[in-house]
Amino acid sequence: METYEEHYDSMVRAINKYMPGTDLAIVNKAVQYANEKHKFQKRKDGSPYIIHPLAVAEIVAELGLDTDAILAALLHDCIEDTDASHDEIAKLFNPTVAELVEGVTKLTRVEFTTHEQQQMENLRKMFMAMSKDIRVVLIKIADRLHNMRTMQYQTPEKQISKCRETMDIYAPLAHRLGMQKMKWELEDIALRYLDPDGYNELMSYLNAHKEQDEAFMRTIQTTIQARLSAMGIRNTTYGRIKHVYSIYRKMKAQNKTLEEMYDLYAFRVIVDTIPDCYNVLGHVHDLFNLVPGRFKDYISTPKPNMYQSLHTTVIGSQGIPFEVQIRTWEMHETAEYGIAAHWKYKQGGVGAGEEKNFEWVRRLLESQQDTDAEDYVNSLKVDMFDDEVFVFTPKGKIVSLPAGSTPIDFAYAIHSGVGNAMVGAKVNNRIVNIDSKLKNGDIIEVLTSKSARGPSRDWLNICQSNQARTKIKQWFKKERRDENIVHGRSSFEAEMKRMNLPMGILSDPEIAPMLLKKLSFEDWDDLYAAIGYGGLTAAKAVGRIRDDVNRTVKVQSSEKMSSVPLKLSPDSDEARCNRHAVNGVIVEDIDSCMIKFSKCCTPVPGDAIVGFVTKGYGVSIHRADCPNAAHRDDPKEAARWVRVRWANEDSQPFETTLELECLTRDGLLLDLASTMTTARVRVKELNGKDLPNGHSVFTLRFEVKNVAELDAIRNKLLSIRDVLGTRRGQN
């Protein structure tokens, strides 16, 4: 078990190495305060809680941040987990430290209706604080990194959820901030828990080939160093294997095995000046064969996260391709530590000033307005991924957009007024369609008109960036409410019909308020307007209330059925007069009969059920809302339908089937399997198929004890990204 003394000494060493001159007296005061506040708390491994703040402070010190940031790291959980207050911390230390701690603190004391809403509020608060002081998010990433390093002590469910959140939010956020070293570590640890088999296979392969990989890298390194030394160019050159998740992702994207992956190696050449970078590039291309189309100049065109380097991919005499990155020492610091590196060059830094370089923070804050919480969280993940395209305005200003962006995205990135007045676009001085995909280096000119009618609804399907989509929705919300209501109602009714749900139930005065509360709207017109302007999809809205509507219909159907006397003919061979439970079901008026559960609707305890007397196979149990039971009032077969009920025992498992409607994406099958495994559900069958409209349908056959357990599993499945809705299987 890790000890307090070990972590304290390690933190002090990091402070002395990376932040010499720091006042250790005030640091010790913060350590003692945090230790006192957390004295009754333990980590998952049983160690004192203070070890976590000490470890986070050490990471913050390694980033080269200032004393206030180190103090805030030590105190970052005090407001959230103890009786400490903002005012007390401000008085004992200073107001800046208190603001930093407040910014890192999650909104744990506020109730939210959904996990997505809570996640959106937490992220929004973090971005608001981040827009004022970037150190807030640096401390938050350091906090997440230490939690990931100790993930082995968490439950399997917590490991999966935290690692998914890390991959969706924190690793892309570290990338956006230019903190590649932390991004790689976060991704590699997350992969270890999300796909342990894939991770272990990769590590076994890399360990088995370690000696030959090192020999190859030594040969290339020696060749480059010898040439540069002969030319009088001072350099530091070294090779490395690309990090595990980078290899894993490339294997998945290119559908290749490990043996087919050749570009596993990357070399860095670090020199003193920018002219030296271009000089080295010439020598590298002279020594090795250039791979066409694989050269990138991020020195003349830096990435938005300030990353600068020359990238080139070459092939040596052994026929193995490898990447060479060429940069100065200052570029190297920025590439490793991103925005954090700038604190090393600040004079009397106060923590602000560099935030203007991160315009994307402002865009993320703008995009959350009038946006459904789940949509915001999902689109945020897209906006922070590293695939992007760099284009220019006619005046030469660089604009970064998500890969696959169109002139629509460009127009709204300039200003919402430009996008709303757009009537066409020129790319490289040629008129193009507004759905044309932009490429790196394109020069874009937006054609506008004062008489433009505004954006089209089709633009929502064309644009790629969340920023453009949000501004288009805001225009429709403001300008076209009546039209939105008509359009939204039509979409909603079509979706209800597609799901075989009765629209009439929405006007029931007892049911409607419950459904509207579930949807978070005051009345149906507000819902229709939101669907009309694109704030919510009809499929998602119906998906949220479908189970409640089905449950209500089931109860109403059961009540109606119970008012109709169902009897067996006294002359039938099957008639009996006892009520013994068979397979958990009691059949009224029949004794010792065979029971089988119909595969067409797979009923489970808690469902309203009816029985059908078959010829030679006993009684078949159906759900009351099963299509095959819809004609039980038919006089020709009424005598064969019998009343049945569940016995008061639910120990045995029952097979059931769920159909899931999803948006098609890679990795969804793995997410479904992981969720079912985490829920400890015995899955009998899991298969799916893609539909031509970008949707997929998955069928899961598994065992549950009752309908309550089934509902819990459905809720877990609905929380998976891109799962639009679930439906009980009916063959």
Side-chain angles (χ1 to χ4, degrees), residues 1-15 18-19 22 24 26-63 65 67-86 88-89 92-93 97-98 100-109 122 126 129 135-155 157-159 161-163 165-166 169-171 173-174 179 182 185-186 189-190 192-193 340:
M1 184 184 298
E2 298 172 317
T3 67
Y4 165 85
E5 290 76 13
E6 289 172 341
H7 276 276
Y8 176 81
D9 292 343
S10 184
M11 178 195 70
V12 171
R13 284 195 299 272
I15 292 173
Y18 296 100
M19 290 297 295
T22 298
L24 290 178
I26 192 68
V27 172
N28 285 328
K29 180 180 177 181
V31 171
Q32 292 167 9
Y33 178 85
N35 195 20
E36 175 64 23
K37 290 296 181 181
H38 292 296
K39 65 182 178 181
F40 297 116
Q41 295 174 283
K42 297 286 187 182
R43 296 281 286 166
K44 292 288 186 180
D45 62 351
S47 60
Y49 192 87
I50 188 62
I51 283 178
H52 173 62
L54 287 170
V56 175
E58 180 182 346
I59 296 170
V60 168
E62 290 171 349
L63 291 173
L65 301 188
T67 303
D68 284 349
I70 294 171
L71 298 178
L74 288 166
L75 306 172
H76 77 274
D77 276 334
C78 286
I79 293 179
E80 179 179 337
D81 295 335
T82 76
D83 61 358
S85 68
H86 178 282
E88 185 179 32
I89 292 174
L92 289 173
F93 300 96
V97 172
L100 289 172
V101 175
E102 180 68 27
V104 177
T105 301
K106 297 191 294 292
L107 301 182
T108 53
R109 300 188 179 99
N122 288 335
M126 185 171 68
R135 289 174 296 179
V136 168
V137 79
L138 301 183
I139 296 168
K140 186 63 184 174
I141 292 175
D143 171 46
R144 176 52 60 105
L145 180 58
H146 182 249
N147 283 331
M148 293 295 289
R149 288 174 176 174
T150 56
M151 192 57 65
Q152 68 269 28
Y153 301 113
Q154 297 290 346
T155 63
E157 293 84 357
K158 200 81 167 178
Q159 288 172 347
S161 67
K162 289 296 182 184
C163 288
E165 187 178 56
T166 295
I169 303 295
Y170 289 97
L173 190 54
M179 304 163 71
M182 296 182 81
E185 186 174 356
L186 289 170
I189 297 174
R192 187 188 309 166
Y193 295 98

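The NE2 atom of H7 sits 5.0 Å away from atom CD1 of I51, with the distance rounded to the nearest 0.5 Å. Atom CD in E102 sits 10.0 Å away from atom OG in S85 (nearest 0.5 Å). A distance of 7.5 Å separates CD1 of I141 from CG of L186, quoted to the nearest 0.5 Å. Expressed to the nearest 0.5 Å, how far NZ of K44 lies from CD of Q154 amounts to 5.5 Å. Of the inter-residue distances, the one linking K140 atom NZ with L173 atom CG reads 11.0 Å to the nearest 0.5 angstrom. We find the CG-CD distance between D9 and E58 to be 10.5 Å, quoted to the nearest 0.5 Å.
Across all their heavy atoms, V60 and A73 have their closest contact at CG2-CB, 3.8 Å. Between I15 and A61 the shortest heavy-atom distance is CG1-CB, 3.8 Å. Here the shortest heavy-atom pairing between P48 and R43 reads O-CG, 3.7 Å. Closest of all the heavy-atom pairs between R135 and L100 is CB-CD2, 4.0 Å. The shortest non-hydrogen separation linking A30 to L75 is O-CD2, 3.8 Å. Contact record, A72 with I139: CB-CD1, 3.7 Å, taken as the closest heavy-atom pair.
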- Task: Could you check D45 against T150 for side-chain contact (heavy atoms from CB on, under 4.5 Å), going step by step and ending with a plain yes or no?
- Result: CA-CA 9 Å; D45 62 351; T150 56; over 6 Å; no

- Using the side-chain contact (heavy atoms from CB on, under 4.5 Å) rule, take M179 and L138 through it: C-alpha gap first, then chi angles, then the decisive distance, then the call. CA-CA 9 Å; M179 304 163 71; L138 301 183; 3.4 Å; yes

- Task: Tell me, with the steps shown, if H76 and V56 meet side-chain contact (heavy atoms from CB on, under 4.5 Å).
- Result: CA-CA 9 Å; H76 77 274; V56 175; 3.8 Å; yes

- Query: side-chain hydrogen bond (donor to acceptor under 3.5 Å, both in side chains) between D77 and H38: does it pass, once the steps are laid out?
  - Reply: CA-CA 9 Å; D77 276 334; H38 292 296; 5.5 Å; no

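Aromatic ring pairs are classed by plane angle as parallel below 30°, tilted from 30° to 60° and perpendicular above 60°; the pair Y49 and H52 is perpendicular.
Under a 3.5 Å cut-off, the side chain of Q159 and the backbone N or O of M151 do form a donor-acceptor pair. Although no hydrogens or angles enter the test, the distance criterion places no donor-acceptor pair under 3.5 Å between the side chain of S10 and the main chain of E6. Side-chain atoms of Y170 do not come within 3.5 Å of backbone N or O of C163 as any donor-acceptor pair. For the pair N28 (side chain) and L24 (backbone), a donor-acceptor distance under 3.5 Å is present.
I59 is listed as a side-chain neighbour of H146, based on a closest heavy-atom distance under 4.5 Å. Looking at E185 and L145, their side chains come closer than 4.5 Å, going by heavy atoms from C-beta outward. Proximity of Y4 to V31: side-chain heavy atoms (C-beta onward) are separated by under 4.5 Å at one or more points. The closest side-chain heavy-atom distance from E165 to R144 is below 4.5 Å. Between I189 and R149, the closest side-chain pair of non-hydrogen atoms falls below 4.5 Å. Side-chain atoms of I50 and Y8, non-hydrogen and from C-beta on, never get closer than 4.5 Å to each other.
In this structure E88 satisfies the salt bridge (Lys or Arg N to Asp or Glu O under 4.0 Å) test together with K37, sequence neighbours excluded.
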